[in-house]
Amino acid sequence: MKATMKDVAKLAGVGVGTVSRVLNNGSVKASTREKVEAAMTELNYQPDFYARGLKMKHTNTVALILPTVWHPFFGEFAYHVETALERQNYKLYLCNSSGNSEKEQEYIQMVSQNKVDGIIGITYSDIDEYISSNLPFVSIDRYFTEEVIYVTADNAAGGRLAANELYRRGCQNVAYIGGYQETPNETKSRRKYFEIECRQLGISYKALDMLEPLDHLSERVTNFLLENPDIDGIFTINDPMALAVIDMLEKIGKNVPEDVQVIGFDGQKMTEGDPYLVSTIAQPTKQMAEVAVAKLIAVINGETVEKRTVLPIEFGEGGTTKPLVRNDFA
């Protein structure tokens, strides 16, 4: 038979209320806490956090909405979110939305039904009407009309840095290749500030910016590359796009980085400690996750936090760019 709080209290020689305070990190003597924890271990007591949550209006669970776990950045981000939540004694529900707004709305409704305490979301669907300023919700990259709290890498600085890194490596005819959503989000700054920096540097640039979903991607990118054979440097919206572009360049007889240098965005690696798969503008993925978790838990606890947090990026060498020929930044 499964052990109960009463069984733990009896074995430890304390009241049920004391066991409850230990479980909720309340104020108890160190010696008492040790006795209760020893009793829980001996009885293999497993707290029913969901049942406790219904009584206390807290479940110690958080939902994470991702567009897809197939994208390496999203998978790494989920790992760091779960790790940060675990340190706070929270559990994670993972929602792989595949861009399905109905699935995203279901998770948001779970908050009002006390099934989860809050949500961290990477979502590009039109869900503004489901978001309210008092909902424990932290967005990544996306900003909402109701001023939802959000955490983002410095995408504007990333676009500028990509232009500078290509320029410093000798590129004179560059291009941006990416996809975009109609909803407002910070990632659009990558192209915008890349182009601004190219103008300031005095280098030629073109752009292939495609509305998602990206149908016939290979054909569209290949045609763009063939129509612009003078391109010697490319900045892409993310690392998976960079890898796809490299494959298409090779198919039309272009070598990377000898003929065309390529920089992505995210900082994708096969495993932690490995080199970058492509030269990239690396996001501080772990820091983004930790900040998002800290802000969400603060909101759940009724605290006020800043609405917008922008975290620094850096250039990561991944072998798809040449050595520097200029040491100066613009």
Side-chain angles (χ1 to χ4, degrees), residues 71-73 155-182 187-269 275-282 313-330:
H71 191 297
F73 171 77
N155 292 277
R160 288 187 181 277
L161 181 57
N164 266 284
E165 292 295 343
L166 290 173
Y167 172 74
R168 296 169 73 213
R169 286 162 172 77
C171 295
Q172 287 297 317
N173 297 286
V174 302
Y176 170 88
I177 298 178
Y180 70 93
Q181 305 87 20
E182 292 181 326
T187 61
K188 294 180 179 180
S189 293
R190 298 175 188 179
R191 172 188 172 178
K192 177 181 177 180
Y193 286 91
F194 175 75
E195 294 184 353
I196 289 172
E197 196 70 11
C198 286
R199 287 196 294 269
Q200 292 182 354
L201 292 168
I203 56 178
S204 171
Y205 71 89
K206 296 180 174 67
L208 176 63
D209 206 2
M210 302 162 282
L211 179 64
E212 295 182 355
L214 301 178
D215 298 324
H216 309 292
L217 175 64
S218 179
E219 179 183 351
R220 295 167 73 179
V221 173
T222 299
N223 288 339
F224 176 77
L225 295 172
L226 290 171
E227 291 166 3
N228 298 280
D230 59 338
I231 290 173
D232 57 6
I234 296 174
F235 172 49
T236 63
I237 183 67
N238 54 37
D239 290 346
M241 180 68 77
L243 291 167
V245 168
I246 290 168
D247 182 59
M248 295 170 211
L249 283 166
E250 291 175 349
K251 287 179 179 177
I252 63 172
K254 298 276 189 176
N255 294 318
V256 177
E258 291 81 9
D259 300 323
V260 183
Q261 301 183 63
V262 179
I263 295 177
F265 200 111
D266 280 341
Q268 183 177 330
K269 300 178 180 180
Y276 295 112
L277 294 182
V278 296
S279 294
T280 185
I281 306 301
I313 47 78
E314 63 182 12
F315 176 70
E317 176 59 58
T320 58
T321 47
K322 297 178 182 178
L324 294 175
V325 296
R326 299 183 179 94
N327 290 319
D328 58 312
F329 275 92

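What you are looking at is a predicted structure, and each value in this text was computed from that prediction instead of being measured. All residue numbers in this chain count up from 1 along the given sequence. Atom set for the values below is all heavy atoms of this structure, side chains included, hydrogens, waters and symmetry mates excluded.
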By salt bridge (Lys or Arg N to Asp or Glu O under 4.0 Å), K254 pairs with (sequence neighbours left out) none

With sequence neighbours left out, what residues match A156 under side chain to side chain contact (heavy atoms under 4.5 Å, CB included)?
D154, S189, Y193

Residue list, ring pair (Phe, Tyr, Trp, His ring centres under 6.0 Å) with F194, at least two apart or on another chain:
F235

With sequence neighbours excluded, what pairs up with T280 under the side-chain hydrogen bond (donor to acceptor under 3.5 Å, both in side chains) test?
D239

Would you mind reporting whether L217 and D215 have side-chain heavy atoms less than 4.5 Å apart?
no

I'd like to know if the side chain of D209 reaches the main chain of Y176, judged simply by a donor and an acceptor atom lying under 3.5 Å from each other, with no hydrogens or angles considered.
no

Contacts of D259 that satisfy salt bridge (Lys or Arg N to Asp or Glu O under 4.0 Å) - sequence neighbours left out:
none

What residues, two or more places apart in sequence or in another chain, satisfy side chain to side chain contact (heavy atoms under 4.5 Å, CB included) together with L277?
L243, Q268, M270

Got I281 and R190 here, is their nearest side-chain heavy-atom distance under 4.5 Å?
no

Is the side chain of D232 donor-acceptor paired with the backbone N or O of N173 at a distance under 3.5 Å, no angle test?
yes

Residue list, side chain to side chain contact (heavy atoms under 4.5 Å, CB included) with L324, at least two apart or on another chain:
E165, R168, R169, N327

Please name all residues satisfying salt bridge (Lys or Arg N to Asp or Glu O under 4.0 Å) with R160, sequence neighbours left out, ordered by chain then number.
E197

Under the side-chain hydrogen bond (donor to acceptor under 3.5 Å, both in side chains) test, which residues partner N223, sequence neighbours left out?
none

What pairs meet the ring pair (Phe, Tyr, Trp, His ring centres under 6.0 Å) rule with one or both residues in residues 195-227, with sequence neighbours excluded?
none

Residues in side-chain hydrogen bond (donor to acceptor under 3.5 Å, both in side chains) with E314, at least two apart?
none

Mind checking what makes side-chain hydrogen bond (donor to acceptor under 3.5 Å, both in side chains) contact with E195, not counting sequence neighbours?
R191

